[in-house]
Amino acid sequence: MDEVGFLTGSVQPTDFRLKLTDKSVGYGTFIKVKHDVYGWVLARVESLKTDLDDFDEEKTIAKARTIGYFEDGQVLSPKTPFTPSEKAYLADKKIISQVLGLDQSKEGSIYLGFLENHDIPVYLDVGKTIGKHVSVLAKTGAGKSYTVAVILEELLKNKVPVVIIDPHGEYSSLCVENDDYDNMVKYNVQVRSYMEQIVEYATDTDINPAAKKFNLHANFTMEELLDLIPIRLTDKQKSVLYTALQDMDEDYSLSELIERIEEEPTKFKWKVLSGLDDLMKSGVFDGYPTPYDKIVAEGRCSIINLKGTAPAIQQLVVARLTRELFHRRTISRIPEVFYLVEEAHNFCPERGFGDVMSSPILRTVAGEGRKFGFHLCVVSQRPARIDKNVLSQCTTQVILKVTNPNDLKAIRTSIEGFTSGMEEEIQQLNIGHSLVVSESLNQPITVDVRVRETKHGARPILDEDGKITQPPRKPRPKPKTRRGSGGKQRKHRRPGFLRFLKRFFLKPPQK
Ligand SMILES: Nc1ncnc2c1ncn2[C@@H]1O[C@H](COP(=O)(O)OP(=O)(O)OP(=O)(O)O)[C@@H](O)[C@H]1O
Ligand SMILES: [Mg+2]
């Protein structure tokens, strides 16, 4: 066992100080201390401080928080303090896995990466993780979409139906194989493409040619049209629109509405027509409406790529799609689904940041979705700007680096049992490292998120027939060889031997 120090000062059951004798112990290191009554107890180093002692010797004092001990399948907390001056050791894999709840089976789980600073893979139970909605929150560039893609790869492997609201058109990268071989070896990940499971729809296929066209049926309500038309209409212009809408059949198209307004003998129609023309140009309302029934199916991942489409139309797409799919799920017409909303602050903003068309249905799904197996996942770089009713319903939180005080406050209020230590920690996280709070874990943990199987930031390449092809695989790096060793790596060569030779036999001439 690796001894790392001993307890010092007053000792409590929940936390204690430790005089370190091992300099490798850092922030987040798991240690174990033997308790007279409860046996081995797991603790985590939360802060460190180095000072000079009375003899001018360096001393490092660590503050550790007790996590608990494992007994009869349960994680319990010690009720009485440890013996003062008790020795502390580096925690072993068994106690860490048991107490944190990492000893999950690989089957039916999400392999997210390694426990930070430890060689312990983190597997999260699929059902418990997505069952009660998920939020992935972090400042921009901290690794949200990357982490989400890792979760999606795992869900697709488990044949969970997925729908992705993709405002930036970044998730078709799930079709493209990764070529970061070094990291794949490190995380024990295989190259893979999910091309066979993915159907990408796009509202604008001119800029997203690899996707199928996504069309909506026009039959707008008056409220929808007032939100969608980019110009502010006067009362007279609104009245032209309202009268025309009253005259339309139930299943009217946008061109029919335009034709109807063109017949109006009034000058107030022109502004209305110009607004409707803008809607026509979006291309979302012409063509055969996309059937909702095919979007959710076992093992299928439907990407709704909204790149290039105006925000109000994006919100209408999300409102209609969510409403239709949720309704179908409540009557069991489609299977359970993982419904991912990227840039969620634009689709269900916090009150005070405007109410948009998709807000009410996303609020309903957050509140009632879990009963029906409609699993929501919201992703955002502005937690403070997401509707708190939605955020607080997500009981699995994946939080990467956040520094904005308002965003930290929103996270603090949405997570039960959020501690000041956690708040400090998420401000210090490295890119790609995330704090995970989940029912499938006994404790919040920090994960070094694994490398992707598919290539982050890649767009699928189409062949002459319009089918997706993989880019030619990069040659895998060969093990490094030394020059002059005949291509084979020499074994048992002592490190620094060349430097030794140079120092004694190849000294530069003295001046
Ligand atoms: N787990 C990881 N492993 C390796 N690289 C990562 C990881 N996570 C993030 N990165 C790197 O960080 C970059 C930014 O990640 P990502 O695109 O996921 O950020 P984001 O939080 O979604 O940003 P935005 O707010 O702009 O959408 C990626 O291009 C990638 O290079
Ligand atoms: Mg992103």
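Values in this document were obtained by computation on a predicted structure and should not be read as measured data. Whatever order the structure lists ligands and atoms in, that order sets their numbers, starting from 1.
- Residue-ligand proximity, His456 to ligand 1, at heavy-atom distances under 4.0 Å covers atoms 16 (P), 17 (O), 18 (O), 28 (C), 29 (O).
- Protein heavy atom at the shortest distance from atom 19 (O) of ligand 1 is Gly143 N, 3.2 Å.
- Against a heavy-atom cut-off of under 4.0 Å, Gly141 is close to the following atoms of ligand 1: 14 (C), 19 (O), 20 (P), 21 (O), 23 (O), 24 (P), 25 (O), 26 (O).
- Between Arg320 and Glu224 a salt bridge is recorded (basic side-chain N to carboxylate O distance below 4.0 Å).
- The pair Glu324-Arg329 does not count as a salt bridge, with every side-chain nitrogen at least 4.0 angstrom from each carboxylate oxygen.
- With hydrogens left out, the protein atom closest to atom 26 (O) of ligand 1 is Thr140 OG1, 3.0 Å, a heavy atom.
- Atom 27 (O) of ligand 1 has its nearest heavy-atom neighbour, among Ala149, Gly457, Ser145, Ala138, in Ser145.
- Using cut-offs of 30° and 60° on the angle between ring planes, the pair His456 and Tyr146 is tilted.
- Checked for salt-bridge contact, Asp407 and Lys139 miss the test: no charged N lies under 4.0 Å from a carboxylate O.
- Residue Tyr146 does not count as close to the Mg ion (ligand 2), with no N, O or S atom under 2.8 Å.
- Checked by distance only, ligand 1 and Tyr146 come closer than 3.5 Å through their nitrogen or oxygen atoms.
- Within the 4.0 Å heavy-atom criterion, the part of Ile431 lying near ligand 1 is the side chain and not the backbone.
- Using a cut-off of 4.0 Å between Lys/Arg side-chain N and Asp/Glu carboxylate O, Arg192 and Glu177 are scored as not salt-bridged.
- Atom numbering of ligand 1 starts at 1 in the shown order; those under 4.0 Å from a heavy atom of Lys144 are 18 (O), 19 (O), 20 (P), 21 (O), 22 (O), 23 (O), 24 (P), 25 (O).
- Side chains of Ser302 and Ile295 form a contact here, defined as non-hydrogen atoms less than 4.5 Å apart.
- Closer than 4.0 Å to atom 31 (O) of ligand 1 lies none of the heavy atoms of the protein.
- Between the side chains of Glu425 and Thr446, at least one donor N or O sits under 3.5 Å from an acceptor N or O.
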